[in-house]
Amino acid sequence: MSIQSKANKKISLREAISIGIGGMVGGGIFAVLGLAVSLAKGGTPVAFFFAGIIASLTAYSYSKLSLAFPDRGGTVKFVNQGFGKTVFSGAINNLLWVSYIIMLSLYASAFGSYAPNLFNITGEASVDSHIFLSGIIIIATIINYYSIAVVSKIESYAVIIKLIILLGFVIVGFYGLWGNPNVEQLSASHWESPFLLLTGGMVIFVAYEGFELIANAAPDIINPEKNISKAYNYSVWFVVFLYVIIAIVTVGSLPFEAIAKAEDYVLAEAAKPMLGKVGFTIITIAALISTFSAINASLYGGSRVSYEVAEDDELPHHLTSKLWNQPVGLMITAVLTLLIANTLKLESISTAGSAGFLLIFAIVNYVAFKLSNQIKGKKLIPLIGFLMCAVAFVTLIIQQFNSNLVGVLVIMSIILGCFVFEYIYKKQELNK
């Protein structure tokens, strides 16, 4: 996720697109691809495409709101614009901060899943995983305290490296599909039910949430009337097609049993039929670079969200204070990430993250619908986006309630907690 919007310079269309692509192609695809296949089986490409449609509808709302209300607060600003500084808007903005922390936990878990395939510490993969994920959070936190410029530089190089490797994987992978007997797994007879295809798309929706970072860069984008909408559309649809093709190559390369066995690092495993151990190693390195850069930038993004929300009096003002020249929210974000990543399983983290962002995006779509005249946008697209996000949120909760109760309890507790906290906080502020 890019920090370029912080620099006092104008952002070109190409740079704005790279912010969106960099935000989406972070650690998400490496973390959730195996999970998607376990839910949707041969219909995994359809699940990714369906999630991409919801992302593209929401991107329309973001583009209109970004143009009407250019602000580095991004989503926080849009929610406040739609509902005022109320308990509701405060709770949703608090949820955004917590969702950042959940995303960080997802990236750290993915790093912890891939790293033991290259480096062995204790000989016990699960123990090594916790050591690696904890270590990378601590290193990224130190880098964030040392220099934001370093965070930005790491991200700009990481975007190029991971895209080159993933595009290489797609090209070589497509070539490797000819004559591979596993290609027949993509046929409709191997798809799960429409309900599970939908759920599969929703559990892995976290792989798309990063386009919202363009909103934070909106005040600095050159020729915003033309370039803001292009930045959202080009980045989202590029990533949709990239994910769909990656899903096709993965499902067509490996039998379902092998995918299930390597669920947490399946993208590296999918490179083996074409490139053997070398391919496995290259994709593993790409995963480590991607998840590390995503952790780096998301730590910064999460601390900025807590700062913006506190500035708007929706969190205690103590969160606008600094600790070692950075917002105190940076340390809180890092500590909470360590806690969640070391206690929850990947599916629970992914479910909580997807549900959190689906709810936030439903609210942003509703704001775009409500303010359509003010932002000079259509009413129908945000309305469809709102309804699809809301239905997807409910569908995800219902399906995961049976198979992943912990994930559902975590996100429902977080949502309830955000509302209760904001209500108590606002009441105390009124009584002062």
Smallest separation among heavy atoms of Ile136 and Leu133, with atom names: CG2-O, 3.4 Å
Side-chain touch Ser350/Leu106, heavy atoms, less than 4.5 angstrom: yes
Contacts of Tyr62 that satisfy ring pair (Phe, Tyr, Trp, His ring centres under 6.0 Å) - sequence neighbours left out: Phe78, Phe211, Phe361
is_close_aromatic(Phe83, Phe88), centroid dist under 6.0 Å: yes
Partners meeting side-chain contact (heavy atoms from CB on, under 4.5 Å) with Leu416 (sequence neighbours left out): Val420
Minimum heavy-atom distance between Ala55 and Phe205, given as atom pair plus value: N-CE1, 4.0 Å
Donor-acceptor pair, side chain of Asp71 and main chain of Gly73, under 3.5 angstrom: yes
Name the atoms and distances for all side-chain donor-acceptor pairs under 3.5 Å in residues 29-52, with sequence neighbours left out.
from, atom 1, to, atom 2, distance (Å)
Ser38, OG, Leu35, O, 2.6
Lys41, NZ, Ser38, O, 3.2
Thr44, OG1, Lys41, O, 2.6

Spacing of CG belonging to Asn227 relative to CD1 belonging to Ile214, to within rounding of 0.5 Å: 11.0 Å
Straight-line distance of Ile92 CD1 to Asn80 CG, nearest 0.5 Å: 11.0 Å
Name of the residue among Ile246, Ile245, Leu242, Val172 meeting side-chain contact (heavy atoms from CB on, under 4.5 Å) with Leu167: Leu242
CD1 on Ile360 to CZ on Phe393, rounded to 0.5 Å: 10.5 Å
Residue pair Tyr107 / Gly23: nearest heavy atoms and the distance that separates them: OH-O, 4.3 Å
Close side-chain approach of Leu177 to Phe174, heavy-atom, < 4.5 Å: yes
Closest heavy-atom pair and its distance - Thr343, Leu339: OG1-O, 2.7 Å
Close side-chain approach of Leu359 and Ile411, heavy atoms under 4.5 Å: no
Non-hydrogen side-chain atoms of Leu344 and Val410 separated by less than 4.5 Å: yes
Side-chain donor/acceptor of Asn233 to backbone N/O of Ser229, under 3.5 Å: yes
Main-chain N/O of Val408 paired to Gln400 side chain as donor or acceptor, under 3.5 Å: no
Reported OG-to-CG distance for the pair Ser109 and Leu104, which is rounded to 0.5 angstrom: 10.5 Å
Steps toward side chain to side chain contact (heavy atoms under 4.5 Å, CB included) verdict (Ile102, Ile414): CA-CA 11 Å; Ile102 293 168; Ile414 287 170; 3.7 Å; yes
For Asn216 against Gly74, the heavy-atom pair lying closest together: ND2-N, 3.8 Å
Under 3.5 Å: donor-acceptor pair, side chain of Ser134, backbone of Ile131: no
Beyond-backbone contact of Val406 with Ser348, side-chain heavy atoms, under 4.5 angstrom: yes
Lys370 side chain to Gly82 backbone, donor-acceptor under 3.5 Å: yes
Val391: partners by side-chain contact (heavy atoms from CB on, under 4.5 Å), with sequence neighbours left out: Thr395
Donor-acceptor contact below 3.5 Å, side chain Tyr243 vs main chain Ala207: yes
Sidechain-backbone polar pair: Asp128 side chain, Asn120 backbone, donor-acceptor under 3.5 Å: no
For Cys389 against Thr58, the heavy-atom pair lying closest together: SG-OG1, 3.8 Å
Intermediate values then yes/no, salt bridge (charged side-chain N to carboxylate O under 4.0 Å, His left out), Glu257 and Lys261: CA-CA 6 Å; Glu257 303 79 51; Lys261 193 176 175 185; over 6 Å; no
Separation of Leu95 CG from Glu422 CD (nearest 0.5 Å): 11.5 Å
Student check: side-chain heavy atoms of Phe111 and Phe132 closer than 4.5 Å: yes
Those residues that, when tested against Ala368, pass side-chain contact (heavy atoms from CB on, under 4.5 Å) (two or more places apart): Ser61, Leu65, Ile375, Pro382
Residue Phe195 excluded, over 12 heavy atoms near CZ under 6.0 Å: yes
Asp220 with Arg72: basic N within carboxylate O range, under 4.0 Å: yes
Pairwise distance NZ(Lys272) to NZ(Lys277) - rounded to 0.5 angstrom: 5.5 Å
Sidechain-backbone polar pair: Tyr232 side chain, Ala215 backbone, donor-acceptor under 3.5 Å: yes
Qualifying residues under side-chain contact (heavy atoms from CB on, under 4.5 Å), relative to Val335, sequence neighbours excluded: Met331
Check against side chain to side chain contact (heavy atoms under 4.5 Å, CB included), Val251 and Asn182: CA-CA 7 Å; Val251 174; Asn182 296 308; over 6 Å; no
Donor-acceptor under 3.5 Å (Ser354 side chain, Thr351 main chain): no
Verdict with reasoning, Asn117 to Phe280, per side chain to side chain contact (heavy atoms under 4.5 Å, CB included): CA-CA 9 Å; Asn117 293 310; Phe280 181 89; 3.7 Å; yes
Non-hydrogen side-chain atoms of Met103 and Val206 separated by less than 4.5 Å: yes
Asn94 and Phe421: CA distance, side-chain angles, deciding distance, side chain to side chain contact (heavy atoms under 4.5 Å, CB included) verdict: CA-CA 9 Å; Asn94 291 340; Phe421 174 84; 3.8 Å; yes
Side-chain heavy atoms of Phe238 within contact of Ile21, under 4.5 Å: yes
Glu212 side-chain N/O to Glu209 backbone N/O, donor-acceptor pair under 3.5 Å: no
